[in-house]
Number of protein chains: 2
Amino acid sequence: MDDRIAAGRFAALAHPTRLSVFRRLMQAGPDGLAAGVLAEALDVAPNNLSAHLNTMSQAGLIEARREGRSRIYVVRMETTAATVGFLIEDCCQGHPDICDVVTRQPEPVGI
Amino acid sequence: MDDRIAAGRFAALAHPTRLSVFRRLMQAGPDGLAAGVLAEALDVAPNNLSAHLNTMSQAGLIEARREGRSRIYVVRMETTAATVGFLIEDCCQGHPDICDVVTRQPEPVGI
DNA sequence: AAATCACTTCAACACTCGTTGAATTGAAAT
DNA sequence: ATTTCAATTCAACGAGTGTTGAAGTGATTT
């Protein structure tokens, strides 16, 4: 992974609207959510949201599939994981106890 | 954590120079690195780097301490962890096996 | 006290980004 | 075929961001 690519991914997350879109999609999982649903849920103008979704798609964070009239957006888990991993790579000179907080994410519900 | 604050943190990472600075600091751990060291290592103009370090400090991702003439910058692990955690919070509607890739970071060296 | 080193602050410029309204495409229903 | 719904594309404007060079601050050395 390149600095520029990773920076581009973070830029795609660096906007309140986009960030809340991403988190909703993260929560939705592989089912994803339609653009319209997102627009209403987050109270964003459809054209505005469309631009944001496009930004995130081009960054590689999400992808879309068509379903009837709707366009369903889904998080691309691999690239997301790779981006987070890149950020904290080789942390603390091999003393992982120090950056434990960062590497160990809270266990999701259901474990 | 607020959407705006988190977005601000990602914005602070959303620049190639800042991202590579952050990663270097992450790798350096609690010892941190002097601004001058970073400037030379990354071949960035000192005033330019200073602005970037300031951006990241204000976002809460790093902090500085004085040491003689130098200013030593260090990653704030808690806020970094909180930001990453916020991003992937409540993923996949409680089916964590799906987003396993994201939640489980690669084990650091030395385990 | 003067010189030097490390770094930051300031002002100004070009450039990019986000938002808005209007027009357009694409799919389903009548 | 025409209408309607879902969503995207386009053009344009204002606001914010990054870089640069010059000046300024703060700490060590002589």
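Below, each value reflects all heavy atoms present in this structure, side chains not excepted, and no hydrogens, waters or symmetry copies. So you know, we letter chains A, B, ... as the sequences are listed, proteins then strands, and number each from 1.
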Apply side chain to side chain donor-acceptor pair (under 3.5 Å) to B:Thr80 and list each qualifying residue two or more places apart in sequence or on a separate chain.
-> none
Check nucleotides 12-16 of chain D against the protein and report each pair of N or O atoms closer than 3.5 Å, with its distance, or say if there are none.
none

With sequence neighbours left out, the residues meeting salt bridge (charged side-chain N to carboxylate O under 4.0 Å, His left out) with B:Arg65 are B:Glu67
Heavy-atom protein contacts under 4.0 Å, nucleotides 24-30 of chain D, coded B base, S sugar-phosphate only, - none | ---SBS-
B:Glu89 meets the side chain to side chain donor-acceptor pair (under 3.5 Å) criterion, sequence neighbours left out, with A:Arg23
Within residues 6-22 of chain A, residues whose heavy atoms come under 4.0 Å of DNA chain C | A:His15, A:Arg18
By salt bridge (charged side-chain N to carboxylate O under 4.0 Å, His left out), A:Glu78 pairs with (sequence neighbours left out) A:Arg76
B:Ser50 side chain vs B:Pro46 backbone, donor-acceptor pair below 3.5 Å = no
With distance as the sole test, does A:Gln93 use its side chain to make a donor-acceptor pair with the main-chain N or O of B:Ala28 at under 3.5 Å?
-> yes
Listed by chain and number, what are the side-chain contact (heavy atoms from CB on, under 4.5 Å) partners of B:Ala51, not counting sequence neighbours?
-> none
Residues of residues 28-62 of chain A with any non-hydrogen atom less than 4.0 angstrom from an atom of DNA chain D: list those, numerically ordered, please.
-> A:Ala34, A:Ala35, A:Gly36, A:Pro46, A:Asn47, A:Ser50
Partner residues of B:Arg4 under the side-chain contact (heavy atoms from CB on, under 4.5 Å) criterion, sequence neighbours left out | A:Pro16, B:Asp2
Does CG in B:Asp31 sit with more than 12 non-hydrogen atoms of other residues, nucleotides or ligands closer than 6.0 Å?
-> yes
Who passes side chain to side chain donor-acceptor pair (under 3.5 Å) against A:Asn48, sequence neighbours left out?
-> A:His52
Report the residues that fulfil side chain to side chain donor-acceptor pair (under 3.5 Å) with A:Arg24, sequence neighbours left out, ordered by chain and then residue number.
-> none
Between A:Tyr73 and D:dT8, does any side-chain N or O lie under 4.0 Å from OP1 or OP2?
-> yes
What distance separates B:Glu63 CD from B:Ile72 CD1, expressed to the nearest 0.5 Å?
-> 12.5 Å
